[in-house]
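Quick caveat, the model's predicted, so the values are computed rather than measured.
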Amino acid sequence: MFKTIKSDFPASIVVFFVALPLCLGIALASGAPLFSGLIAGIIGGVVVASISGSAIGVSGPAAGLAAIVLAAITDLGGLDGGGFEKFLVAVVLGGIMQILLGVARAGIIAYFFPSSVIKGMLTGIGIIIILKQIRHFFGMAKNPSGNYEFLQVKWGNLVSDFLNAFNALLSGNISIGATIIGIVSIGILLLWSNILSKKGKIFQLIQGPLVVVVVGILFYILTKGGTLNLIKSQLVSVPVPDSFDSFKSQFSFPNFSAIADQNIWIIAFTIAVVASLETLLCVEATDKLDPDKNVTPTNRELIAQGTGNIVSGLIGGLPITQVIVRSSANIQSGGKSKMSAIIHGLLLLISVILIPTLLNKIPLSVLAAILFIVGFKLAKPSTFKTMFKLGWKQWVPFMATVLPMAITGNLLLGIGLGLAVGIFVILLKSFQNSHFLHKEGEDVDDGKIKMTLAEEVTFFNKGAILKELDNLPENSTLELDVTKTRYLDNDIIEILEDFAHKAKDRNINIKLISERGTIENPPSYIEFFKLNQKT
């Protein structure tokens with residue numbers, strides 16, 4: 001792991017600055033203590049990465065679980081009613097279930113998701129990242145109506161957030177200081193990645209995101225009290241302990257006396273299934289982005305994630321999954337081994353303990369600029385163009401994944417709809433490709449019709465074949481070619497048996513063509529196909 005430390009350490013700094021606001025934001029969206037998001041980020045970096053077989057995957061609290069966590073804490077009594085401590089029991093149990101899934105070798109389920117859905121997920125996440133950062137980039141402290149409701153994270157209401165941001169822009173309800181440093185940050189990032197990084201090793205060692213964070217802190221210090229001053233809501237907000245005891249008090253511990261509550265077991269099962277699915281999809285997507293084309297052992301990943309969730313739940317952290325935002329930032333920044341993920345977790349821990357006051361001077365607009373670049377690289381316009389050129393069978397599932405995510409901000413909804421459309425496309429093509437029907441020769445009136453069955457014909461093809469058989473004209477000859485057929489569902493054989501009786505009444509002659517030769521009007525189709533499949 002230490003052989004690539006020159007690449008991993010700069011990448012870990014980038015991932016750290018990407019992870020910090022995400023950990024806080026997801027905790028806020030989940031209705032949990034902000035410190036719980038940081039705990040999950042630290043455990044995801046140090047514990048999960050140490051056990052995982054992924055070279056470049058980064059784990060932490062996931063936006064896809066925010067709605068589930070919020071509902072669970074509320075149902076268990078809320079923060080004030082001990083709901084969070086009960087919820088931590090579910091996190092621990094969910095982690096145990098994930099380990100069992102890994103031992104049972106359930107990591108292969110991600111391979112059954114179409115590539116178009118995975119690419120749609122990546123693109124949708126990129127769009128969500130960009131739209132969610134607009135308000136922070138322009139420092140919108142209030143919405144046009146004058147209240148602070150706009151600042152609340154509303155997962156699943158992305159269109160409303162975007163329209164609020166757009167109205168705020170039109171009304172001039174933005175912070176000039178935040179906008180200026182945001183624009184400057186994007187300029188530095190683009191200059192660094194496109195020009196300076198190619199000029200010398202110093203620009204590769206010192207990454208652009210680190211530079212813009214330093215510039216952002218200096219901007220806040222120099223403009224404090226002036227017309228470009230940034231207010232507290234436009235800065236990072238990390239809890240600042242004033243003693244070791246106050247630092248310890250930020251940790252929460254599971255209330256195991258509630259383990260008999262069936263609701264906790266239901267929540268635990270939901271966390272285990274959703275977190276495992278989201279992790280495996282992100283593993284699949286991350287491996288596709290990896291320039292070194294490493295392949296992550298999925299069963300080991302489930303065990304690593306389960307271990308991380310057990311530890312996170314025991315000390316008051318949110319559920320953990322592998323997350324594509326931090327993983328893609330790691331890849332784009334040149335990370336080569338799991339050391340980048342581990343170091344990023346250690347940096348989170350060190351920063352929370354030693355420099356929380358300094359972290360609270362980072363403008364959110366600077367972090368938004370970093371995330372803009374990450375989001376754009378995930379949702380490039382060229383991706384839409386490429387998927388469209390691949391044809392409607394790739395384009396439709398891709399857009400069915402992207403649009404629900406972009407409209408609602410719900411990761412699982414997009415994946416679910418995209419997968420459903422992908423399955424429908426498969427069934428449709430299976431329905432259409434079960435057979436080929438054409439008239440023999442140039443004379444379309446000679447009454448000879450040939451139907452060639454595909455290599456595999458299942459019950460999904462019943463409707464198409466039945467329709468074609470019913471449309472055959474009277475006094476004709478059907479040549480049914482099963483030479484290439486290796487699997488024929490019993491449902492199809494029964495259809496042919498039934499058609500044989502109808503064919504006599506309609507004076508339709510049937511010839512079966514197989515590797516064993518041609519048989520005219522066989523007495524038993526079932527016996528014929530049994531013999532044919534044996535040969």
Side-chain angles (χ1 to χ4, degrees), residues 22 25-26 29-30 61-72 109-110 112-135 152-166 270-271 273-286 288-289 319 321-325 327-328 371-372 374-388 390-428:
L22 291 178
I26 292 169
S30 303
L65 290 171
I68 295 173
V69 175
L70 177 61
I109 60 175
F112 295 97
F113 282 79
S115 174
S116 57
V117 174
I118 295 174
K119 291 178 181 177
M121 180 190 74
L122 291 172
T123 303
I125 289 174
I127 294 173
I128 291 174
I129 291 171
I130 292 172
L131 296 181
K132 278 289 182 182
Q133 297 307 310
I134 291 176
R135 58 187 179 188
Q152 301 302 313
V153 178
K154 296 180 180 180
W155 297 99
N157 198 12
L158 206 60
V159 172
S160 176
D161 280 359
F162 175 73
L163 292 177
N164 280 338
F166 185 70
T270 303
I271 290 173
V273 172
V274 176
S276 298
L277 182 58
E278 187 166 341
T279 290
L280 293 173
L281 288 175
C282 287
V283 164
E284 181 79 3
T286 301
K288 287 182 180 295
L289 293 174
T321 72
Q322 189 176 123
V323 277
I324 192 61
V325 178
S327 300
S328 61
L371 291 171
F372 272 168
V374 172
F376 180 79
K377 288 182 178 180
L378 289 173
K380 290 181 179 179
S382 59
T383 303
F384 289 86
K385 185 177 179 180
T386 300
M387 295 303 295
F388 183 78
L390 289 175
W392 72 272
K393 288 182 287 185
Q394 294 293 313
W395 172 253
V396 174
F398 172 77
M399 291 304 297
T401 306
V402 172
L403 289 178
M405 290 177 62
I407 293 172
T408 68
N410 191 317
L411 175 69
L412 295 176
L413 176 63
I415 293 173
L417 289 177
L419 183 60
V421 172
I423 292 174
F424 175 77
V425 170
I426 291 172
L427 295 178
L428 178 63

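- The CD1 atom of I415 lies 7.5 Å from the OG1 atom of T401; values are rounded to the nearest 0.5 Å.
- Residues A400 and L417 approach most closely at O-CB, 3.8 Å, considering heavy atoms.
- Closest approach of Q133 to F372, counting heavy atoms only: CB-CE2, 3.7 Å.
- Counting only heavy atoms from C-beta outward, the side chains of C282 and T321 never approach each other to under 4.5 Å.
- Here the CH2 atom belonging to W392 is positioned 15.5 Å from the CE atom belonging to M399, to the nearest 0.5 angstrom.
- Between I26 and A62, the closest heavy-atom pair is CG2-O, 3.7 Å.
- Residue F398 is tested with V117, T383, L390 for a side-chain contact (heavy atoms from CB on, under 4.5 Å); the sole match is T383.
- Taking all atoms of both residues into account, the shortest heavy-atom contact from L281 to M121 is O-CE, 3.8 Å.
- Between V69 and P319, the closest side-chain pair of non-hydrogen atoms falls below 4.5 Å.
- With rounding to the nearest 0.5 Å, the separation of CG in L65 from CD in E278 is 5.0 Å.
- In this structure, the separation between NZ on K288 and NZ on K119 is 6.5 Å, given to the nearest 0.5 Å.
- Of all non-hydrogen atoms in P404 and G414, the two that sit nearest each other are CB-CA, 4.0 Å.
- Side-chain N or O atoms of S276 include none that pairs as donor or acceptor with a backbone N or O of V273 at under 3.5 Å.
- Taking both residues in full, the closest heavy atoms of L378 and G126 are given as CB-CA, 3.9 Å, listed atom of the first, atom of the second, then distance.
- By the ring-ring contact (aromatic ring centres under 6.0 Å, His included) test, F376 pairs with no residue at all, sequence neighbours left out.
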